[in-house]
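The structure under discussion appears below in the form of structure tokens.
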Amino acid sequence: MAPTFMLAANFVIFGRIIQKLGTSYSRLPPNWYSIIFITADVISLIIQGTGGGLASVHIKTNPKPGGHVMLGGIAFQLLIIIVYTCLATEFFVRFSLNKPFKRGGSSESLTIPKPMSGKLRLMSFGLIFSTLCLFIRSVYRLIELADGWTGRIIRTEIYFNVLDGAMVTLAIFSLNFIHPGFLLNEAEDSAEKTEIN
């Protein structure tokens, strides 16, 4: 199963981090990350499921067309993760350099961010680690299926255990130990912005 729910959690958590650190550092409004990326991830899951279904129906004749559809869904999911990662990286860089976007050509008020709290920093590192694990897993799945149903990669169990199962497990555990329900709620006051007109 694709880690759709884990990715969805990452998109929602990132939106909450943006709200706490300052929306002016983000290219998109915080709620758009959930709307755009969860929708795209569900579409990729549907494509993968359709491909898997086609491949299983034609397993004795020719499962390759279904495999190609499935591969397209996996490639689309990887693209989603890459775009999300680029936007998240841009946000954290802009925040650390205090370089907010200028919106609509108007003179924007100067934003002076307070230092990121320890809990919010820990949540950000947990989010980065979880995203990295899911990225590694998606790259592996793309390579695995591109090699074909009878390729060496798909038939080597250790690759699957380490690059698929372990990566999803680490992503899950990272958000259990670095729990957003605790860290994001506690970080509420310490990440507020002071606006100077």
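Checked against side-chain contact (heavy atoms from CB on, under 4.5 Å), A55 has the following partners two or more places apart in sequence or in another chain: P63, W149. Listed by chain and number, the residues in a side chain to side chain donor-acceptor pair (under 3.5 Å) with R121 amount to none (sequence neighbours excluded). Every residue meeting the side-chain contact (heavy atoms from CB on, under 4.5 Å) condition with T156, not counting sequence neighbours, appears here in chain and number order: R152, I158, Y159. In this structure, the side-chain contact (heavy atoms from CB on, under 4.5 Å) partners of L142, at least two apart in sequence or on a different chain, are L71, I74, A75, L78. Applying the side chain to side chain donor-acceptor pair (under 3.5 Å) criterion to Y140, with sequence neighbours excluded, gives E144. For I80, the side-chain contact (heavy atoms from CB on, under 4.5 Å) partners two or more places apart in sequence, or in a different chain, are F11, F37, A40, D41, S44, F76. S124 meets the side chain to side chain donor-acceptor pair (under 3.5 Å) test with no other residue; sequence neighbours excluded.
Contact annotation: the side chain of P180 never approaches that of R16 to less than 4.5 Å [non-hydrogen atoms, C-beta and beyond]. Side-chain contact between L120 and K20 is present, with at least one heavy-atom pair separated by less than 4.5 Å. Here the side chains of V139 and I143 are in contact, with some heavy-atom distance below 4.5 Å. Counting only heavy atoms from C-beta outward, the side chains of P65 and L54 never approach each other to under 4.5 Å.
The cluster map of Ile, Leu, Val, Met, Phe, Trp and Tyr, joined by side-chain heavy atoms under 4.5 Å apart, puts I17 and I35 in different clusters. At a threshold of 4.5 Å between side-chain heavy atoms, the hydrophobic network of Ile, Leu, Val, Met, Phe, Trp and Tyr places L145 and V57 in two separate groups. Hydrophobic clustering, with ILVMFWY side chains joined whenever heavy atoms are under 4.5 angstrom apart, keeps F173 apart from I136.
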Please lay out, stage by stage, how F182 and K119 fare under the test side chain to side chain contact (heavy atoms under 4.5 Å, CB included).
CA-CA 9 Å; F182 171 70; K119 290 184 177 182; 3.1 Å; yes
Derivation of the side chain to side chain contact (heavy atoms under 4.5 Å, CB included) call for I153 and F160
CA-CA 8 Å; I153 295 172; F160 176 80; over 6 Å; no
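In this structure, CE on M6 lies 10.5 Å from CG on L170, to the nearest 0.5 angstrom. Taken from CD1 in I43 to CD in Q77, the straight-line distance is 12.5 Å, to the nearest 0.5 Å. Between F95 atom CZ and S26 atom OG the span is 13.0 Å, to the nearest 0.5 Å. Here L7 contributes atom CG and I81 contributes atom CD1; the two are 4.5 Å apart, rounded to the nearest 0.5 Å. The CZ atom of F92 lies 5.5 Å from the CE atom of M116; values are rounded to the nearest 0.5 Å. Rounding to the nearest 0.5 Å places CD1 of I36 at 9.0 Å from CG of N31.
Using modelled atom types, one side-chain atom of T50 and one backbone atom of I46 make a donor-acceptor pair closer than 3.5 Å. R141 places no side-chain N or O within donor-acceptor distance of the main-chain N or O of D164, the cut-off being under 3.5 Å.
In the hydrophobic clustering, V93 connects to L97, either directly or through intervening members, whenever side-chain heavy atoms lie under 4.5 Å apart.
Within the structure, no pair that satisfies the side-chain hydrogen bond (donor to acceptor under 3.5 Å, both in side chains) test touches residues 171-184, not counting sequence neighbours. Within the structure, salt bridge (charged side-chain N to carboxylate O under 4.0 Å, His left out) contacts touching residues 66-79 (residues at least two apart or in different chains) do not occur. Contacts classified as side-chain hydrogen bond (donor to acceptor under 3.5 Å, both in side chains) and involving residues 82-95 (residues at least two apart or in different chains) are given here: R27-E90.
Of all heavy-atom pairs between I47 and G72, the closest is CG2-C, 4.3 Å. In plain terms, the two heavy atoms of A166 and V162 that are nearest each other are CB-O, 3.2 Å.
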Tabulate below the donor-acceptor pairs under 3.5 Å that side-chain atoms of residues 125-134 make, not counting sequence neighbours, or state none.
unit_1 : atom_1 : unit_2 : atom_2 : d
S130   : OG     : N10    : OD1    : 3.3
S130   : OG     : N10    : ND2    : 3.2
T131   : OG1    : N10    : ND2    : 3.2
T131   : OG1    : L127   : O      : 2.9

